[in-house]
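A short write-up of the structure that comes next.
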Number of protein chains: 4
Amino acid sequence: MGEKRTLTPVTAEQGAPVRDLAARERILGTTLRVLARVGYAKATVGGIAQEAGVGKATVYRSWPHKAALTLDAVRTRLPDVPVDDLGDSPREILAVARALAGLYGAPQVRAILPALISDAATDPELALRLRTDLVEPRRDRSATVLRRAVARGVLPPDTDVLTLLDTWAGLMLFRGVVLAGDVDDTTVRALVAAALDSPPRLP
Amino acid sequence: MGEKRTLTPVTAEQGAPVRDLAARERILGTTLRVLARVGYAKATVGGIAQEAGVGKATVYRSWPHKAALTLDAVRTRLPDVPVDDLGDSPREILAVARALAGLYGAPQVRAILPALISDAATDPELALRLRTDLVEPRRDRSATVLRRAVARGVLPPDTDVLTLLDTWAGLMLFRGVVLAGDVDDTTVRALVAAALDSPPRLP
Amino acid sequence: MGEKRTLTPVTAEQGAPVRDLAARERILGTTLRVLARVGYAKATVGGIAQEAGVGKATVYRSWPHKAALTLDAVRTRLPDVPVDDLGDSPREILAVARALAGLYGAPQVRAILPALISDAATDPELALRLRTDLVEPRRDRSATVLRRAVARGVLPPDTDVLTLLDTWAGLMLFRGVVLAGDVDDTTVRALVAAALDSPPRLP
Amino acid sequence: MGEKRTLTPVTAEQGAPVRDLAARERILGTTLRVLARVGYAKATVGGIAQEAGVGKATVYRSWPHKAALTLDAVRTRLPDVPVDDLGDSPREILAVARALAGLYGAPQVRAILPALISDAATDPELALRLRTDLVEPRRDRSATVLRRAVARGVLPPDTDVLTLLDTWAGLMLFRGVVLAGDVDDTTVRALVAAALDSPPRLP
DNA sequence: AAGTAAACGAGACGGTACGTCGTGTCTTCCG
DNA sequence: CGGAAGACACGACGTACCGTCTCGTTTACTT
């Protein structure tokens with residue numbers, strides 16, 4: 001990464017000129033709109049720039065790739081993970097699982113995420129951002145809910161929290177994106193029930 | 001799809017000369033080699049054709065897409081799912097889970113699968129092939145192992161076999177492809193143990 | 001030159017594919033039309049390609065530059081130098097001088113030639129073509145008329161034929177292109193008269 | 001032109017502060033240096049500004065074009081036409097002709113002049129400046145030498161002085177710039193001799 | 001054995017998007 | 001508050017692939 005362009009440079013270093021923040025916002029918004037309309041594969045940087053009323057160079061000045069642009073655009077608009085302490089771990093966990101199902105069930109995510117993952121395969125910088133900016137923050141927040149359940153004794157102390165979460169995320173990803181199917185609420189409840197009954201354990 | 005070309009026409013219908021066969025093999029082999037060398041995104045149909053000593057048209061005559069070509073090339077080379085009856089369901093199930101982990105841990109799969117999934121998002125025909133030719137046969141074979149376990153009473157009668165399998169596949173996919181990490185054998189055993197203890201149930 | 005692309009490659013070398021000659025003609029015709037409409041500076045390769053119903057690559061496949069394309073387009077359409085033997089050298093010479101005046105007085109030439117000369121300053125290949133394909137053939141043909149006059153004794157034996165011609169061409173060029181003025185027929189006759197009276201001599 | 005900027009504003013018109021002067025000189029000098037180094041076509045305003053340690057806006061404040069800048073830079077550095085009265089018209093005229101040959105033989109002039117002429121084709125303002133600032137002053141000064149010769153009876157009273165000069169300038173331009181050749185001193189003397197013997201006459 | 005029809009290699013074709021560069025204007029911050 | 005620094009909208013550049021389409025040539029099946 002640390003090459004010529006980072007993915008989030010924004011403000012000037014010292015002297016004078018400052019990136020046009022309004023333009024950046026407009027670009028990100030337009031990006032989402034275009035992605036929703038035509039899909040990732042058919043979206044073009046030039047098209048986004050034009051629709052945002054911006055020169056192509058202005059886009060490339062801030063993002064090296066369509067992928068980086070997409071990542072930035074998507075990042076901020078995702079619904080958050082519910083982590084509130086309801087005093088009732090099973091309910092909290094169910095809320096987390098449902099959020100996960102909703103996320104991977106959303107058409108935008110289905111349309112965009114695989115493309116990002118695919119591009120990440122040939123762009124380590126993008127792969128890193130995908131993990132650190134998108135996946136891990138949400139994973140961490142979800143984990144706090146499960147750790148709270150462990151603290152309450154609802155889950156055993158040696159519960160492998162991350163594996164459990166990745167298992168769920170994986171299921172949603174696999175069904176939503178690979179199989180293009182849904183994960184209905186009954187299944188979500190069954191997953192949660194199975195996990196509460198016997199979660200994967202740390203070695 | 002019912003368009004002009006199917007994805008696997010192969011032999012001529014009647015009196016006409018067919019010299020394909022060797023060429024087809026050469027193309028599929030070259031495709032894999034090129035994919036391994038430069039990755040899906042940077043592989044080009046023209047490049048593959050040239051390296052295979054074949055005209056571009058010959059490739060397009062058999063496959064409508066880079067994606068279809070990739071799918072065909074990958075399909076036949078995947079290691080099979082072990083479904084042998086060992087008389088010991090836990091061992092059989094562990095073998096299935098390990099095969100799954102090995103599959104998604106393979107570099108070629110990590111490099112290629114996300115791209116296929118991504119292209120499938122805008123190509124229903126490809127999406128269908130991806131499911132019917134790649135995912136479902138393996139999923140079905142894996143399911144027979146689990147159903148045998150149900151028949152033996154190792155798993156409860158209302159086990160949601162497909163959800164269980166998709167959960168595992170999803171975890172491997174998520175960890176292998178999104179997180180670019182591994183699923184070690186300890187984790188695989190923990191997953192199997194948790195499933196044997198309390199699998200997801202049908203409603 | 002002899003680099004990757006010559007300026008007039010055209011037909012295939014051996015095997016099969018042949019450059020589309022109709023397309024070439026269409027491109028050259030369109031080039032002239034566009035040059036006449038918007039001038040050299042505002043003409044673009046992309047615009048010409050589009051108007052000719054041709055991909056940009058097709059243009060670049062045959063001509064490395066807008067300049068080369070222009071040169072080729074212009075070359076064939078210039079009115080020829082009158083070299084007929086009228087049995088009357090003064091009349092023949094006047095015809096040559098008038099042709100020269102007409103050439104540099106033509107708006108297309110005024111619009112295009114300086115640009116070609118300018119581009120030739122940084123492109124030796126183009127400079128060569130400009131001389132060998134455009135200037136020298138016409139200069140040679142004009143010279144035959146003057147040499148005929150020498151043979152007839154109308155001009156002295158040591159007449160510096162090429163300098164005389166270049167002097168006339170230069171005047172037309174200078175007045176037509178630099179001063180954007182005309183060389184009227186009276187002046188042309190005066191030039192011819194002065195030359196017949198006392199042409200530049202070889203040393 | 002009557003637009004916002006003239007090509008030679010230089011000093012402020014009324015109350016405003018002007019600190020330009022040094023910057024202007026630096027810009028013009030840098031312009032010549034860059035032109036000499038990379039040629040007109042590859043010279044960029046931004047590059048010149050940077051090398052002169054000046055903002056682009058500072059350049060555009062004084063010159064609307066690369067062409068105008070070039071014209072200004074070139075204008076002042078040209079060697080002057082020798083017009084001294086030597087009491088010997090043939091010698092004076094030869095000096096003028098030699099100055100002309102030297103001018104169009106200079107590499108900088110060959111590199112820059114055609115480009116200016118070319119740009120002038122689409123910019124009437126520049127065309128005007130090119131004539132009034134560059135060509136005509138020198139032409140006028142040369143003409144005084146020839147008019148002196150007429151007054152002395154060395155040339156006939158009806159000599160077409162301007163046509164004669166333009167003929168010479170044209171030859172130098174044509175040979176130097178179009179043919180990329182030289183006009184050697186022998187030829188220059190032959191031209192002068194022919195002109196003294198029989199110059200073009202006014203009608 | 002000759003005739004015929006297709007499938008072949010090669011690669012030109014019309015397009016589309018790419019990422020870069022230069023233009024001339026406009027804005028920000030420093031001295 | 002003038003000027004350097006450079007971001008901005010614009011648009012052309014020349015390249016790379018796409019998927020289609022000719023070209024001759026090379027088989028392998030007829031007759």
Side-chain angles (χ1 to χ4, degrees), chain A residues 11-24 41-47 49-50 52-62 64-66, chain B residues 5 12-20 22-23 42-47 49-50 52-66, chain C residues 12-24 41-50 52-62 64-66, chain D residues 4-5 16-20 23 41-47 49-50 52-61 63-66:
Chain A
T11 30
E13 11 234 52
Q14 33 100 296
V18 168
R19 298 282 164 77
D20 182 341
L21 296 172
R24 282 182 61 88
K42 299 200 167 170
T44 69
V45 175
Q50 190 164 20
V54 139
K56 270 201 297 176
T58 301
V59 177
Y60 281 111
R61 207 172 292 124
S62 291
H65 290 128
K66 180 167 66 164
Chain B
R5 251 167 338 199
E13 11 235 51
Q14 28 104 295
V18 171
R19 227 190 321 152
D20 267 328
K42 297 198 167 170
T44 70
V45 175
Q50 194 162 25
V54 139
K56 275 202 295 175
T58 302
V59 176
Y60 281 110
R61 207 171 292 124
S62 292
W63 300 274
H65 288 130
K66 179 166 68 165
Chain C
E13 12 234 50
Q14 33 100 297
V18 169
R19 296 282 163 77
D20 183 340
L21 296 172
R24 281 181 61 89
K42 298 198 168 172
T44 69
V45 174
I48 290 169
Q50 191 164 21
V54 140
K56 269 201 297 177
T58 300
V59 176
Y60 282 111
R61 208 173 289 125
S62 291
H65 289 129
K66 179 167 66 165
Chain D
K4 48 172 92 167
R5 254 169 333 200
V18 170
R19 226 191 318 156
D20 268 326
K42 297 198 168 174
T44 69
V45 175
Q50 192 162 25
V54 141
K56 275 202 295 176
T58 303
V59 177
Y60 279 109
R61 205 171 295 125
W63 298 275
H65 290 131
K66 180 167 64 165

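The basis for the numbers below is simple: all heavy atoms, side chains too, and nothing from hydrogens, waters or symmetry mates. So that the names make sense, note that chain A is the first sequence line, chain B the second, and so on, each numbered from 1.
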Rounded to whole Å, the OH-P distance (B/Tyr60 to F/dT22) equals 17 Å

Between NE2 of A/His65 and C1' of E/dA17 the distance, given in whole Å, is 15 Å

For nucleotides 9-12 of chain F, list the nitrogen or oxygen atoms of the protein found under 3.5 Å from its nitrogen or oxygen atoms, one pair per line.
| residue | atom | partner | partner atom | Å |
| --- | --- | --- | --- | --- |
| F/dA9 | OP1 | A/Gly53 | O | 3.4 |
| F/dA9 | OP2 | A/Gly55 | N | 3.2 |
| F/dA9 | OP2 | A/Thr58 | OG1 | 2.5 |

For A/Val45, which residues count as a side-chain contact (heavy atoms from CB on, under 4.5 Å) partner, sequence neighbours excluded?
A/Val59, A/Tyr60, A/Lys66

